[in-house]
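Structure record follows, encoded as C-alpha cells.
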Number of protein chains: 2
Amino acid sequence: MLPSHTVENYLKAVFQAQTVLGPDELVPMGQLAAALGVVPGTATAMVKALAQSGLVRYEAYAGVRLTSAGEKLAALVLRRHRLIELFLVKVMGMSWTDVHDEAEHLEHAVSDRLIDRIDEMLGRPAVDPHGDPIPAPEGTVTVPAYDTLLTCPLHSPMVVKRVSDQETDFLRFAERHDLTPGQTVQVEERDTAADSVRLRGTGEREVTIGARAASKVLVEAVPRRPQS
Amino acid sequence: MLPSHTVENYLKAVFQAQTVLGPDELVPMGQLAAALGVVPGTATAMVKALAQSGLVRYEAYAGVRLTSAGEKLAALVLRRHRLIELFLVKVMGMSWTDVHDEAEHLEHAVSDRLIDRIDEMLGRPAVDPHGDPIPAPEGTVTVPAYDTLLTCPLHSPMVVKRVSDQETDFLRFAERHDLTPGQTVQVEERDTAADSVRLRGTGEREVTIGARAASKVLVEAVPRRPQS
DNA sequence: TACCAGATTTTGACAAATCAAAATATCAGA
DNA sequence: TCTGATATTTTGATTTGTCAAAATCTGGTA
C-alpha cells in the first residue's frame, strides 16, 4: 500500500516541475521522463498507474498534474529530503554542495519517527541548506516569492535567500562567488545582449555571471534595520 | 553491478546463519528462506544467481556458504547496520530496543562516505548497542568468544557483553531485567528439568528466566581490578 | 532393500519497472 | 486544409524478485 521508491520519485518530480511551470500547467510527459532519466514511454506507463491510484490527473497528449493526495505525498517526500540535507550539513558536518545525492537515497529509507527526531533536533527549521522551504508534516508548503539576481533592483544590497539548483557543480560555483544563503550581493549591471549580470559581493569582489545562473539565485532586499 | 538491496539481505542472512552454525557448515535452504521471509523456492533461485556471481558456493540439496568475496560484502552490510544502530542510540537518542528495524532500511541507503563520518563521529567503535561486533571497513570481524548465562560459572559476578537477539520484545525484556551490555549479573542456580536459570542482578533483584533466553545473553567474568 | 516423511528443486505465472522501436497524435506553417 | 516536425502513446520484450504447487531428492527406518 505504501508507495514504492519509484512512485515517490515520480510524485516528487511532478511536484517540482509543477512549481516551476505554475499551478495550472500540466507537466508534459517528455519533461517528466527527462527529469527522471527514463524514456518517455516508461513515464506514460507509470503515470497511468499513478492516475489509477488517484495520485495524479493525467490527460493523454497533454500532461500530468498531482491530485491533492499526490501533492501531499510529494510534499512529504520533499520534507524528508530537505530535513535530511539540513541534518547532514548541521549535524554530520557535510558540505551543502554534496548532500543532495545522499539525501536522494535516504529520503526513501527513513521512518516518520526518525524524521520527526531530526526535525526536533534541528529546531523545526523552515528551510534546508539551499534555502528551499521544508514542507510541514501535514504536507503543506509555503514558498516565499523572492526576486532573482535577474529581476531585483540594481545597486541595492540584497541578501541571498535561496539557490535553486541541486547540481554539485553549480553549488560549488555559487560558493566560490559568495552566493550562498545569507550572503549579501548587489547587482551592478545587467547586459541583455551579453546575457550577463555583473555583481559586487562580499569584500567588494566583482563577478560577472550568466543570466541562466543569475536566475537561480533568489534574493531579498536587505532590511533597513538589520537586527529588528 | 553493485548488489541490490535483496542481494545484500541474502548475503547478510547467510553470513549470520553461518556464524551460528559454525564455519564449516552449509546453511540449509529452508533456514535461509525462513530468515528472509520467502518461500524455499525463491531462496533456491536467488542463491543460484548469487553462485553465478561468485558470492556464494551452492551445493544442491546440501546448502549454501559464502565465498570470501561474499563474506566481505556481507560484513560490510553488517558494518553499516551496526554503525547505524549505534548512531541512532548515541546521537539520535533512540532506544536500543527500537533501532534494529530503522537500521534495516538505512543500511541499504547510506554511502560509504557517510558511514565513515558516522564511524569517525562515534570514535571508531568496536561494538553496537547490543554488543554485536562492528566489522572493519576491510570486511573483517573478530567475534570474542563469550560465555552465556547457560554456560558461565555459578555464583560468580559476570558482566553482560552482548545480547544476541534483534527482537524489540526480547530486548525490552532484557532491559526490564537489567540484562543490557555493561550490567552485572550472577547466576544463582540452573534447573535443567525446569529449563530455567535463576539470576541475581543489579540491586539484589532476583529473576528466573528460561534457558532459551539465558543462552542469548553473553557474559564475561568481572575482572579482579575493574579499572585496569 | 524398500519406503516414507520432510526438505529441496523445478516449473509456470505474476507484478513492477524498464527499454526499443513502431504507431499515432498534435500543432504550426504553407 | 494539408503536411511535416515533434511529442506522445503503444506494443512487445526484458530483468528482478517473488509465489504456488508439482516433482524430486535425501536420509532414516522397518
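First the proteins, then the strands, lettered A, B, ... as listed; each starts at 1. Values below: all heavy atoms of this structure, side chains included; hydrogens, waters and symmetry mates excluded. Predicted model, so just to flag it, every value in this text is computed and none were measured.
The interatomic distance linking B/L50 (CG) with D/dT18 (P) rounds to 11 Å, in whole Å. Rounded to an integer number of Å, the gap from CG of A/L26 to P of C/dT26 is 14 Å. The CD atom of A/Q31 sits 12 Å away from the P atom of D/dA7 (whole-angstrom rounding). The distance between atom CD of B/E59 and atom P of D/dT26, rounded to the nearest whole Å, is 11 Å. What separates CG of A/L32 from P of D/dT8 is a distance of 10 Å, to the nearest Å. Computed from coordinates, the B/Y58 OH to D/dC25 P distance equals 13 Å when rounded to whole Å.
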Quiz item: Nucleotide by nucleotide, 5' to 3', does protein get under 4.0 Å of the base (B), only the sugar-phosphate (S), or neither (-) in nucleotides 16-21 of chain C, counting heavy atoms?
Solution: -SSBS-

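Using a 4.0 Å heavy-atom distance criterion, A/A60 is classed as a sugar-phosphate-only contact.
Note on B/E220 versus B/R162: no salt bridge recorded, every NZ/NE/NH1/NH2 to OD/OE distance being 4.0 Å or above.
Atom CG of residue A/L171 and atom CG of residue A/D98 lie 9.0 Å apart, to the nearest 0.5 angstrom. The CG atom of B/D132 lies 7.0 Å from the CD atom of B/E85; values are rounded to the nearest 0.5 Å.
At least one side-chain heavy atom of B/M94 sits less than 4.5 Å from a side-chain heavy atom of A/R113.
Checking each of A/L83, A/I134, A/L114 against A/D119 for a side chain to side chain contact (heavy atoms under 4.5 Å, CB included) leaves exactly one that passes, namely A/L83.
With sequence neighbours excluded, the residues forming a side-chain hydrogen bond (donor to acceptor under 3.5 Å, both in side chains) with B/R198 are B/E189, B/E206, listed by chain and number. Taking the salt bridge (charged side-chain N to carboxylate O under 4.0 Å, His left out) definition, one finds that B/K216 meets it with B/D165, sequence neighbours left out.
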Check residues 33-57 of chain B and write down every donor-acceptor pair under 3.5 Å in which the side-chain atom is one partner and the other belongs to a residue at least two apart or another chain.
| from | atom 1 | to | atom 2 | distance (Å) |
| --- | --- | --- | --- | --- |
| B/T44 | OG1 | B/P40 | O | 3.3 |
| B/S53 | OG | B/A49 | O | 3.1 |

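With axes fitted over five pairs at each extremity, the angle between the ends of the helix from C/dT1-D/dA30 to C/dA30-D/dT1 is 30° (10° resolution).
Side-chain nitrogen and oxygen atoms of A/Y61 include none within less than 4.0 Å of the OP1 or OP2 phosphate oxygen of D/dT6.
Applying the ring-ring contact (aromatic ring centres under 6.0 Å, His included) test to residues at least two apart or on different chains, the pairs with a partner in residues 35-84 of chain A are A/H81-A/H100.
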